[in-house]
Structure formats: C-alpha cells, structure tokens
Amino acid sequence: MSAHTPEFKVKLAETEAELQAAQRLRYRVFVEELGGSGPLVDHVARLEKDQFDPYFDHLILKDLALAADPVDQVVGVYRVLRDDAAAKHGRFYSEDEYDLSILKSSGRKLLELGRSCLHEDYRGGAAMFHLWNALAGYVAEHDIEVLFGVASFHGTDVAALAQPLSLLHNRHLAPEDIRPRAQAGVFQTMDLVSEDHIDRRAAMLAVPPLIKAYLRLGGFVGDGAYLDHAFNTTDVCLILDTARMNEKNRALYSKERNL
C-alpha cells in the first residue's frame, strides 16, 4: 500500500455503483485470490455477485484518503441479511449448506453475515475493526439477537484440515439450542481427530483469522462442515449469540467504535 494515512468511512451501499464496487472487491478476493466462481459471476466486468445481493444490505468500508475515484475507494465489504429480508426472499443464503431450523424457530431476531473481505493492503490493521464496529452499530439499531453465517477454510482437502476442524468441533461446538447442522446430503463431519490427539497450538494456527475473531467474541460453530467445490473452500457455520457475550467480549466487539 502506498504510504498514506487511511481515512476510513463505513456506510451502507446506496447506489448501483457502490454495490458494484463491493462486488468488484469480492471478485478480487474470492475469484482471483481464492479461485472461486459461481453462475452469476461476471468475469468480463470482474464482479462477484449472486441472486441474494438485492436482498442483503452491504456494509462498505472506504478509504477516503485514496486519490482514486470515490467508487474505487472501497477496501472492505460485509454483506448482512436480516430475517425479515430473508423471509421476503424465501430463505437465507446459507440454507443450501446448513439446516437453520433451530435458529428460525427460536423466535429471536437473526442476522446472516457473509462475503466479508478486505483488500489485501488493508489486512491485519485497523480496517476490520471499522467494519466490525459498524456491524455492531447495525446490530444495535435492528435489535439483532443472533448473528450467523458461513466462514471458510481455503481448499477442500478434509485430511489437511482435520486438526483445525476437530479443534472447532471439540472445543467450540454451539449449544444445542443454537446449533445448526450441515444439510444431510452434504454433511462432512468435523470430528476427525480424537481430542487427545489434537495439537491445539498447530490447529489454532491453521484456523483462518476471521473464524478466530468470532471465537474470541464468544462465538461457536455448527455441527458439520460443507465442501464448497465451486469456491474451493471448506465452510463452517459460525454463530454468535449476543445474550451469551460477556462484558469482555462486548468490549472487544465495540472497542474501536469511535475511531
């Protein structure tokens, strides 16, 4: 990244140009970096999009210090879908992968998260905090009680991921009342290594940063993984119950809200 001090602003995408800027960043990350694809991906315009985009709200992180066109200032994205919007569409995005009945029948206000990504020049710094704190504000505004969504390991070689998947299953499995389960036809067990044979340090090092961030907030995983060959990922379902977050986790969630 060129030497400059970022000037971050997070907002909801309000125009088609802003939505396409989000989709262009997603293309850069999910298609060009990770080798993903999909039936609606536009390789000519370099847009990663799907049928759910019109129903989601799109949090976009801009760096206003960039000298580029305002649309090209988008350096981070978070896609969010409230349960009332999902009802209009008929389902949540992740229902192809996970049985969400336990959440949908809970009577609690739900928010599905997805397509979270940052431009490579902004990873490992303050950028994600800005997105997360904007998300915390969105959750508060809409009285959300349970957040969930799929997060991914790169690749679909289950044997190579046996240690981290087993660690998640053994140490971070969601309580039964909020535990989605991978759909029966695509269920991939995560309980691949007995707990006494898990190298906890090595396994946690293999867990992607986004998943570790949710775990630090007190998040859990659902039962079973999903092998997404189109996106070349192994997906797990993450669940964050705001009622179960302790004060330490709440502080971590919003500590940089005022940056």
Side-chain angles (χ1 to χ4, degrees), residues 78-83 86-87 91-116 132 135-136 138-140 142-153 158 161-198 200 203-228 233-254:
Y78 229 128
R79 191 170 85 160
V80 296
L81 180 69
R82 301 191 309 274
D83 47 15
R91 65 188 182 96
F92 287 103
Y93 169 81
S94 54
E95 286 190 78
D96 282 345
E97 301 183 14
Y98 284 88
D99 180 352
L100 303 177
S101 301
I102 194 73
L103 297 180
K104 294 171 68 175
S105 64
S106 69
R108 305 179 73 191
K109 296 193 74 170
L110 308 176
L111 183 70
E112 183 176 38
L113 310 176
R115 292 298 200 275
S116 173
W132 274 48
L135 176 62
Y138 187 98
V139 166
H142 295 283
D143 299 317
I144 301 300
E145 297 173 89
V146 178
L147 299 81
F148 71 96
V150 297
S152 304
F153 290 82
V158 175
L161 299 172
Q163 285 277 330
L165 290 176
S166 299
L167 176 70
L168 294 179
H169 177 87
N170 281 280
R171 297 294 181 92
H172 301 283
L173 191 63
E176 289 188 5
D177 64 307
I178 57 167
R179 187 190 300 169
R181 179 179 171 85
Q183 295 284 7
V186 295
F187 183 91
Q188 167 60 56
T189 183
M190 296 166 62
D191 190 14
L192 299 164
V193 179
S194 62
E195 188 168 9
D196 58 338
H197 284 86
I198 296 173
R200 188 176 181 185
M204 188 54 74
L205 285 172
V207 174
L210 182 63
I211 298 177
K212 282 191 278 199
Y214 279 104
L215 299 181
R216 285 196 297 269
L217 291 174
F220 305 99
V221 298
D223 187 13
Y226 171 80
L227 303 183
D228 189 339
T233 59
T234 297
D235 297 346
V236 298
C237 187
L238 292 169
I239 310 98
L240 185 64
D241 183 348
T242 59
R244 285 179 164 97
M245 292 174 71
N246 60 33
E247 289 306 312
K248 179 180 178 182
N249 291 337
R250 291 180 191 277
L252 180 64
Y253 186 46
S254 59

Could you go step by step and tell me if Leu168 and Phe153 meet the side-chain contact (heavy atoms from CB on, under 4.5 Å) rule? CA-CA 12 Å; Leu168 294 179; Phe153 290 82; 3.9 Å; yes

Would a 4.5 Å heavy-atom cut-off, applied to side chains only, mark Pro180 and Leu103 as touching? yes

Can we say Glu95 and Lys104 salt-bridge, meaning some charged N sits less than 4.0 Å from an Asp/Glu carboxylate O? yes

Report the residues that fulfil side chain to side chain contact (heavy atoms under 4.5 Å, CB included) with Gln163, sequence neighbours left out, ordered by chain and then residue number. Val193, Ile198, Asp199, Ala203

Check whether any side-chain heavy atom of Ile178 sits under 4.5 Å from a side-chain heavy atom of Pro175, and report yes or no. yes

Criterion side-chain contact (heavy atoms from CB on, under 4.5 Å) on Ile211 and Val236, from CA distance to verdict: CA-CA 9 Å; Ile211 298 177; Val236 298; 3.9 Å; yes

Evaluate the side-chain proximity of Arg108 to Asp83: yes if any heavy-atom separation is below 4.5 Å, no if none is. no

Is the shortest heavy-atom distance from the side chain of Leu167 to the side chain of Arg200 under 4.5 Å? yes

Applying salt bridge (charged side-chain N to carboxylate O under 4.0 Å, His left out) to Arg171 and not counting sequence neighbours gives Glu195

Are Arg244 and Asp177 close enough for a salt bridge, meaning some N to O gap below 4.0 Å? yes

Would His169 and Ser166 count as having a side-chain donor-acceptor pair, cut-off 3.5 Å? no

Output, in order, the C-alpha distance, side-chain angles, deciding distance and verdict of side-chain contact (heavy atoms from CB on, under 4.5 Å) for Tyr226 and Val150. CA-CA 9 Å; Tyr226 171 80; Val150 297; over 6 Å; no

Kindly indicate whether the side chain of Leu135, heavy atoms from C-beta on, has any atom under 4.5 Å from the side chain of Leu111. yes

Measure the shortest side-chain to side-chain distance between Leu147 and Val139 over non-hydrogen atoms and say whether it is less than 4.5 angstrom. yes

Is any side-chain heavy atom of Leu210 closer than 4.5 Å to one of Ser116? yes

Partners meeting ring-ring contact (aromatic ring centres under 6.0 Å, His included) with Phe92 (sequence neighbours left out): Phe148

Arg181 to Phe187, cation-pi by 6.0 Å centre distance and 45° axis angle: yes

Step-by-step ring pair (Phe, Tyr, Trp, His ring centres under 6.0 Å) determination, Tyr214 to Trp132: CA-CA 11 Å; Tyr214 279 104; Trp132 274 48; 5.1 Å; yes

Within 45° of the six-membered ring axis of Tyr93 and under 6.0 Å from that ring's centre, is NZ or CZ of Arg79 located there? yes

Could you walk me through whether Val186 and Glu97 pass side-chain contact (heavy atoms from CB on, under 4.5 Å), step by step? CA-CA 7 Å; Val186 295; Glu97 301 183 14; 5.5 Å; no

Can you list the steps and then say if Glu112 with Ser94 is a side-chain hydrogen bond (donor to acceptor under 3.5 Å, both in side chains)? CA-CA 8 Å; Glu112 183 176 38; Ser94 54; 2.6 Å; yes

Where is the tightest heavy-atom contact between Ala225 and Ala182, given as atom of each residue plus distance? O-CB, 3.8 Å

Distance only, no hydrogens: is a donor on one side chain within 3.5 Å (strictly under) of an acceptor on the other, for Thr189 and Asp191? no

Test item: Leu173 and Arg179 side chains (from C-beta on) under 4.5 Å apart, heavy atoms: yes

Are any of the side-chain nitrogens in Arg91 or Asp96 under 4.0 Å away from the carboxylate oxygens of its partner? yes

